[in-house]
Amino acid sequence: MRLATWNVNSIRSRVDRVAAWLERQDVDVLALQETKCKDDQFPEERFTALGYQVAHVGLNQWNGVALLSRVGLDDVQVGFPGQPTWSAKEGVEPAVEARAIGATCGGVRVWSLYVPNGRQLGDPHLDYKLAWLEALRVTAGEWLAQDAEAQVALVGDWNIAPQDDDVWDMSVFSHSTHVSPPERAAFRAVVEAGYTDVVRPHAPGPGVYTYWDYTQLRFPRREGMRIDFVLGSPALTRRVSGALIDRQERKGKGASDHAPVVVELGE
DNA sequence: ATGGTTGTGTAACAA
């Protein structure tokens with residue numbers, strides 16, 4: 001089974017590219033982030049025509065996560081237990097954002113996750129991000145406490161570069177989010193709860209990234225960040241036989257600023 | 001040059 005994750009930065013502007021890529025890469029399950037649309041705007045028929053079932057949550061033009069699967073899509077869950085809420089502005093009732101959707105696909109509990117962007121050090125968004133990751137760590141840890149053999153994949157855009165090699169130049173990030181000690185500790189806590197980065201051994205750095213900013217010629221200059229991850233539970237990690245970051249897909253007109261990440265699972 | 005691009009939706013905001 002081939003499992004993939006991709007921050008597409010708007011599914012409506014990328015639907016042709018995603019559909020073509022799915023067929024080319026022979027992917028069974030694809031987790032999408034930043035679909036940037038409401039549920040009724042999601043181009044579901046494009047994917048059902050290719051044999052995929054679709055689950056999506058999108059509340060407005062921000063965030064939005066989805067799962068496409070051709071190996072079953074059962075027990076869909078919008079948001080994870082304990083997922084923190086966010087209030088966009090003063091006076092607006094805090095709500096759970098469209099940042100997490102889970103389903104069982106071919107025996108694997110797959111979660112498509114879009115971790116909040118912390119924006120700046122000291123920004124309330126960073127506190128939200130850290131609380132979000134801590135809540136995820138607690139819940140995902142409970143899943144393994146209940147069933148140590150559970151096959152769980154926590155996949156998506158984590159908005160964290162866990163190691164210095166995961167950015168092109170650490171000195172550029174000395175006062176930035178994504179690399180700060182609290183963010184790295186929050187990521188490490190998920191790993192220590194039992195979830196392994198299954199891609200890195202198959203796509204080692206330095207210089208291997210999943211995201212390149214649209215501005216400042218970051219992609220041709222090879223100035224990127226590794227911030228998209230597939231974290232596997234122990235039982236899932238044992239099944240991983242290969243992985244790749246499809247850098248080709250970042251090329252050309254109409255590319256997302258993120259590349260897709262693919263994991264091959266054996267029996 | 002204190003920005004640089006791309007997305008939402010059509011002014012700003014988000015990344």
Side-chain angles (χ1 to χ4, degrees), chain A residues 5-19 21 31-44 46 56-66 84-92 94-100 112-130 132-133 155-162 166-169 171-180 183 186-187 209-229 247-261:
Chain A
T5 184
W6 195 358
N7 178 323
V8 286
N9 186 17
S10 164
I11 188 60
R12 286 177 291 172
S13 68
R14 217 77 64 205
V15 60
D16 291 338
R17 233 178 140 124
V18 173
W21 181 83
L32 298 170
Q33 301 86 38
E34 278 209 89
T35 57
K36 288 188 166 178
C37 67
K38 300 176 188 178
D39 289 344
D40 61 5
Q41 298 173 307
F42 191 95
E44 187 174 337
R46 286 297 303 277
H56 174 256
V57 58
L59 306 174
N60 48 45
Q61 68 268 52
W62 295 297
N63 314 311
V65 286
T85 58
W86 176 254
S87 172
K89 52 189 172 200
E90 200 110 357
V92 174
V96 173
E97 294 189 302
R99 294 180 177 276
S112 180
L113 304 170
Y114 180 42
V115 176
N117 187 309
R119 303 198 180 183
Q120 314 279 321
L121 298 182
D123 192 298
H125 288 87
L126 181 53
D127 296 330
Y128 172 48
K129 176 181 190 174
L130 295 172
W132 204 95
L133 287 160
V155 315
D157 178 357
W158 294 73
N159 271 314
I160 297 173
D166 297 334
V167 297
W168 75 95
D169 181 355
S171 69
V172 173
F173 289 83
S174 53
H175 303 292
S176 300
T177 59
H178 294 70
V179 301
S180 74
E183 289 165 274
F187 185 88
Y209 309 121
T210 65
Y211 163 84
W212 298 260
D213 196 296
Y214 283 126
T215 67
Q216 299 178 279
L217 299 173
R218 290 298 187 210
F219 184 67
R221 292 177 195 265
R222 298 178 176 266
E223 296 173 344
M225 306 169 72
R226 188 198 296 252
I227 57 175
D228 300 87
F229 296 95
R247 186 179 183 281
Q248 285 295 116
E249 200 54 42
R250 179 62 179 80
K251 294 182 179 177
K253 199 168 167 60
S256 169
D257 42 3
H258 294 252
V261 180

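Heavy atoms only: backbone and side chains are in, while hydrogens, waters and symmetry mates are out. Residue numbers begin at 1 in each chain, while the letters A, B, ... track the order of the sequences.
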Does the side chain of A:Arg12 get closer than 4.0 angstrom to OP1 or OP2 of B:dG9 through an N or O atom?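 A:Arg12 to B:dG9 OP1/OP2: side-chain N or O found under 4.0 Å.
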Out of B:dT8, B:dA14, B:dA15, which has the shortest distance to the side chain of A:Arg99?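 Closest nucleotide to the A:Arg99 side chain: B:dA15.
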Where the side chain of A:Arg119 is concerned, which of B:dG7, B:dG9, B:dA14 is the nearest nucleotide?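 Among the listed nucleotides, the one closest to the side chain of A:Arg119 is B:dA14.
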Between [atom2] on [N] and [atom1] on [X], what's the gap in Å once rounded to a whole number?
X	N	atom1	atom2	answer
A:Asn117	B:dA15	CG	P	5 Å
A:Asn60	B:dA12	CG	C1'	15 Å
A:Phe42	B:dG7	CZ	P	17 Å
A:Arg17	B:dT6	CZ	P	12 Å
A:Trp62	B:dC13	CH2	C1'	7 Å
A:Asp257	B:dT6	CG	P	10 Å
A:Lys38	B:dG9	NZ	P	8 Å
A:Tyr114	B:dA14	OH	C1'	8 Å

Let me spell it out: for each of A:Thr215 and A:Asn63, pick the nucleotide of DNA chain B with the closest heavy atom. Which residue's pick is nearer the 5' end?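 Per heavy-atom nearest nucleotide, the more 5' residue is A:Thr215.
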Find which nucleotide of DNA chain B each of A:Gln41 and A:Tyr214 is nearest to by heavy atoms, and output the residue with the more 5' nucleotide.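 It is A:Tyr214, whose closest nucleotide lies nearer the 5' terminus.
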Using a 4.0 Å heavy-atom cut-off, does A:Arg14 contact any base of the nucleic acid, only the sugar-phosphate backbone, or nothing at all?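 Since only primed, P, OP1 and OP2 atoms lie under 4.0 Å of A:Arg14, the category is sugar-phosphate.
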Regarding A:Phe219, tell me which of base, sugar-phosphate or nothing describes its non-hydrogen contacts under 4.0 Å with the strands shown.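 Nothing, no nucleic acid heavy atom in range.
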Can you tell me, in whole Å, how much space there is between the [atom1] of [N] and that of [M]?
N	M	atom1	result
B:dA11	B:dA1	C1'	25 Å
B:dG9	B:dA15	P	15 Å
B:dT2	B:dT10	C1'	27 Å

I'd like to know if the side chain of A:Ser256 pairs up with that of A:Asn9 as donor and acceptor (distance under 3.5 Å, no hydrogens or angles considered).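 Note: A:Ser256 and A:Asn9 side chains miss the donor-acceptor criterion.
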Answer yes if the side chains of A:Lys251 and A:Gln248 hold a donor-acceptor pair under 3.5 Å, and no otherwise.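 Distance-only check passes for A:Lys251 and A:Gln248.
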How are the rings of A:Phe219 and A:Trp212 set to each other: parallel, tilted or perpendicular (split at 30° and 60°)?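 Perpendicular: the ring planes of A:Phe219 and A:Trp212 meet at over 60°.
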Please state whether the rings of A:Trp158 and A:Phe187 are parallel, tilted or perpendicular, taking 30° and 60° as the class boundaries.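 Geometry flag for A:Phe187 against A:Trp158: perpendicular rings.
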Salt-bridged, A:Arg226 to A:Asp166, with N to O below 4.0 Å?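 Here A:Arg226 pairs with A:Asp166 in a salt bridge, since their nearest N and O are under 4.0 Å apart.
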